[in-house]
Amino acid sequence: MVILFIALLAWQCAGPRVAIFAVAGLMYLGFLGFWDKAMATVSLLGAAACVSISLGIPMGILCARKPRVYTFIRPVLDFMQTMPSFVYLIPIIAFFGTGKPAAILATLVFGSPPVIRLTVLGLQGVPEHVREAAISFGATPAYLLFKVDLPLAAKTIMTGVNQTIMMSLAMVVIASLIGAKGLGEDVLEALQYASTGEGILAGFAILICSMILDRIIQGKR
């Protein structure tokens, strides 16, 4: 049922080729025994990505409308993107311990900046003459945001959404270090025992998950 649902979703969003690739990739996960861990990975880090996107887009809109707020938040975003993930894991583990909550919080810190930055970039790139024309015809601030600004900035914002999801999936191995279950466990075991084959297969499983999500998000563009 999960394979059928994802295949239909991929068909509607990105066409038959992506649907065929999604079915083949999910069958790879099932036949090689990665299914349960892949679903755990997608659910855990997918939840973190959804929270990042839900908070990041409104924050990006606020920053685009309030330059002073963005001036204050920009150094925080720089810190979140440049600080090595192993460094900010230390206070997260100290306050929240190990396990799924700590993994989700670490993923939020790692994955939130792209969607905020690209939302700001997209809204700042809306042509000013288009906004002035809408205002001259009596557009309210809400109408201007939802009918003019967001549609024109949609491609840039969706790029930010895509980057946030990809960066969240990039945290799968690091999240497994602090007790999160999923495909990262297989990669860690391969590193510990120098099992090249197992590591490559687990890496391909992570790659397949990210490629399926990427193609569905990008759609038919």
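None of these values were measured; they are calculated from a predicted model. Position 1 is the first residue of the sequence; numbering continues from there.
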Neighbour count above 12 (heavy atom, 6.0 Å) for [X] [atom1]:
X      : atom1 : value
Arg65  : CZ    : yes
Met167 : CE    : yes
Tyr28  : OH    : yes

Flag yes if [X] and [Y] sit in one hydrophobic cluster, no otherwise; membership is Ile, Leu, Val, Met, Phe, Trp, Tyr, and two members link when side-chain heavy atoms are under 4.5 Å apart.
X      : Y      : answer
Ile53  : Leu150 : yes
Phe146 : Val126 : no
Leu4   : Ile216 : no
Val42  : Phe5   : no
Met158 : Val148 : no

Point-to-point distance, once rounded to the nearest 0.5 Å, from [atom1] of [X] to [atom2] of [Y]:
X      : Y      : atom1 : atom2 : result
Met39  : Leu183 : CE    : CG    : 8.5 Å
Thr140 : Ile135 : OG1   : CD1   : 10.5 Å
Leu201 : Ile206 : CG    : CD1   : 11.5 Å
Cys209 : Phe34  : SG    : CZ    : 10.5 Å
Leu62  : Leu123 : CG    : CG    : 11.0 Å
Ile212 : Leu9   : CD1   : CG    : 11.0 Å

State, to 0.1 Å, how close [X] and [Y] come at their nearest heavy-atom pair, and which atoms those are.
X      : Y      : result
Ala133 : Phe137 : O-CD1, 3.0 Å
Ile208 : Gly25  : CG2-CA, 3.6 Å
Leu213 : Met166 : CB-CE, 4.3 Å
Ala49  : Ser168 : CB-OG, 3.7 Å
Ala22  : Ala10  : CB-CB, 4.3 Å
Tyr143 : Ala139 : CD2-CB, 3.7 Å

Exercise. Under the side-chain contact (heavy atoms from CB on, under 4.5 Å) rule, what do Lys155 and Thr159 come out as? Steps first, then yes or no, please.
Key: CA-CA 6 Å; Lys155 287 186 177 180; Thr159 301; 5.5 Å; no

Quiz item: Passes side-chain contact (heavy atoms from CB on, under 4.5 Å), Ile20 versus Arg17? Steps please.
Solution: CA-CA 5 Å; Ile20 294 172; Arg17 292 184 179 179; 5.9 Å; no

Self-check item: Ile3 side chain reached by Trp35 side chain, heavy atoms, under 4.5 Å
Solution: yes

Self-check item: Partner set under salt bridge (charged side-chain N to carboxylate O under 4.0 Å, His left out) for Glu128, not counting sequence neighbours
Solution: Arg131

Residues 112-119, side-chain donor-acceptor partners within the protein, below 3.5 Å, at least two apart:
residue	atom	partner	partner atom	Å
Ser112	OG	Ser52	OG	3.4
Ser112	OG	Leu108	O	2.6
Arg117	NE	Gln81	OE1	2.8
Arg117	NH2	Asp78	OD1	2.2
Thr119	OG1	Val115	O	2.6

